[in-house]
> 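After the structure tokens below, expect a handful of questions from me.
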Amino acid sequence: MEITTWHLEQTSPDDLSAAKPPAVPVTVTRAELVSPELNRYLYTAVGGDWFWIDRLSWTWAQWIEWLDRPGVETWVAYAQGTPCGYFELDGSEEGEVELAYFGLMSSFVGKGVGGHLLTVALREAWSLAERWPGKTTTRRVTVHTCTTDGPAALKNYQARGFRVFRTEVEQAELPAETPGPWPGAGKK
């Protein structure tokens, strides 16, 4: 299968074009304790329909190693107390923050939550150094998305002010079906 990957960036907090709040109240909370169980749950619940497969084989120790680094943060979105999405920031590089993972659980797609959550993610990416003593002020925020991600992903990133700085096309073999979070999840 041919997969196109777009690498996007913002180089100033002024690049952010905020989305309007969703119709349903959404709260976004930082998970301040490292929790491989939480991150794996969010990764599979959000990414299961989009071929997020690179971390499926990670051990508990690999999750700890990734998450327990200065500048790595997990933020969880809740609609009426129910987890509806998340984002993971990787601020381990000085002056740069990658929006490493971002997405919604399938039952919340198309309800105006994604633009709002991305707005929150970008505000937190730009202010990350304020939460990590000794970190350099963020000068650049990056994200990448590809043709196997949700169909609104690229449009949402661009609507929030991201600009494409590199595009790659490659051939890849993917499983016949997405991994789920479980077979048939989110399918109607």
Side-chain angles (χ1 to χ4, degrees), residues 5-19 21-22 25-47 50 52 54-79 81 83-105 108 113-146 149 153 156-166:
T5 301
W6 297 276
H7 300 267
L8 301 100
E9 68 180 351
Q10 288 188 351
T11 54
S12 167
D14 296 334
D15 292 341
L16 174 58
S17 178
V26 173
T27 57
V28 184
T29 304
R30 180 176 164 212
E32 295 188 43
L33 302 175
V34 171
S35 174
E37 299 85 356
L38 174 66
N39 280 75
R40 190 174 196 290
Y41 158 72
L42 294 167
Y43 178 84
T44 58
V46 170
W50 308 115
W52 290 11
D54 56 320
R55 292 184 178 184
L56 290 180
S57 64
W58 279 17
T59 64
W60 189 86
Q62 286 172 300
W63 280 99
I64 287 283
E65 184 179 338
W66 171 262
L67 296 169
D68 198 17
R69 297 177 299 136
V72 173
E73 299 180 344
T74 301
W75 293 76
V76 185
Y78 299 89
C84 62
Y86 87 114
F87 60 90
E88 185 179 288
L89 300 176
D90 180 0
S92 59
E93 296 291 322
E94 287 303 314
E96 186 165 311
V97 177
E98 178 186 7
L99 181 55
Y101 285 91
F102 172 87
L104 301 175
M105 294 178 192
F108 293 92
V113 175
H116 171 71
L117 183 58
L118 185 53
T119 298
V120 173
L122 289 167
R123 287 182 178 143
E124 298 303 341
W126 283 111
S127 65
L128 185 131
E130 297 169 15
R131 295 183 297 280
W132 293 92
K135 279 281 181 198
T136 304
T137 300
T138 304
R139 295 184 306 272
R140 181 176 186 232
V141 177
T142 63
V143 69
H144 67 271
T145 189
C146 66
D149 277 341
N156 190 20
Y157 293 137
Q158 290 176 316
R160 301 291 73 79
F162 274 108
R163 294 173 307 280
V164 175
F165 69 89
R166 185 173 76 234

> Looking only at atom types and distance, does a side-chain atom of Y43 sit under 3.5 Å from a main-chain N or O of R55, one as donor and one as acceptor?
yes

> Determine whether more than 12 heavy atoms belonging to other residues, nucleotides or ligands lie under 6.0 Å from atom CD of E65.
no

> If the condition is side-chain contact (heavy atoms from CB on, under 4.5 Å), which residues does E130 pass it with, not counting sequence neighbours?
S127

> If we ignore angles and hydrogens, is there a donor and acceptor under 3.5 Å between the side chains of E88 and W66?
yes

> Show me the donor-acceptor pairs within less than 3.5 Å that the side chains of residues 71-78 make with the rest of the protein, sequence neighbours left out.
residue : atom : partner : partner atom : Å
E73     : OE1  : W75     : NE1          : 3.0
E73     : OE1  : R131    : NE           : 3.3
E73     : OE1  : R131    : NH2          : 2.7
E73     : OE2  : R131    : NE           : 2.9
E73     : OE2  : W132    : NE1          : 2.7
T74     : OG1  : N39     : OD1          : 3.4
T74     : OG1  : N39     : ND2          : 2.8

> Test of understanding: with side-chain contact (heavy atoms from CB on, under 4.5 Å), list the residues that count as partners of P36, not counting sequence neighbours.
V34, W60, W63, I64

> Measure from NZ or CZ of R123 to the centre of the six-membered ring of W126 and say whether it is under 6.0 Å with the direction within 45° of the ring axis.
no

> Does the distance from a Lys or Arg side-chain N to an Asp or Glu carboxylate O, for R139 and E96, drop under 4.0 Å?
no

> Look at the aromatic rings of Y157 and F162 and report parallel, tilted or perpendicular, splitting at 30° and 60°.
perpendicular

> Given the rule in the side chain to side chain contact (heavy atoms under 4.5 Å, CB included) test, do T119 and R160 qualify, once you have shown the distances and angles that lead to the verdict?
CA-CA 7 Å; T119 298; R160 301 291 73 79; 3.4 Å; yes

> Begin with the C-alpha distance, continue with both residues' side-chain angles, and end with the deciding distance and a verdict on side chain to side chain contact (heavy atoms under 4.5 Å, CB included) for D149 and W52.
CA-CA 8 Å; D149 277 341; W52 290 11; 3.3 Å; yes

> Considering residues, nucleotides and ligands other than E93, do more than 12 of their heavy atoms fall under 6.0 Å from its CD?
no

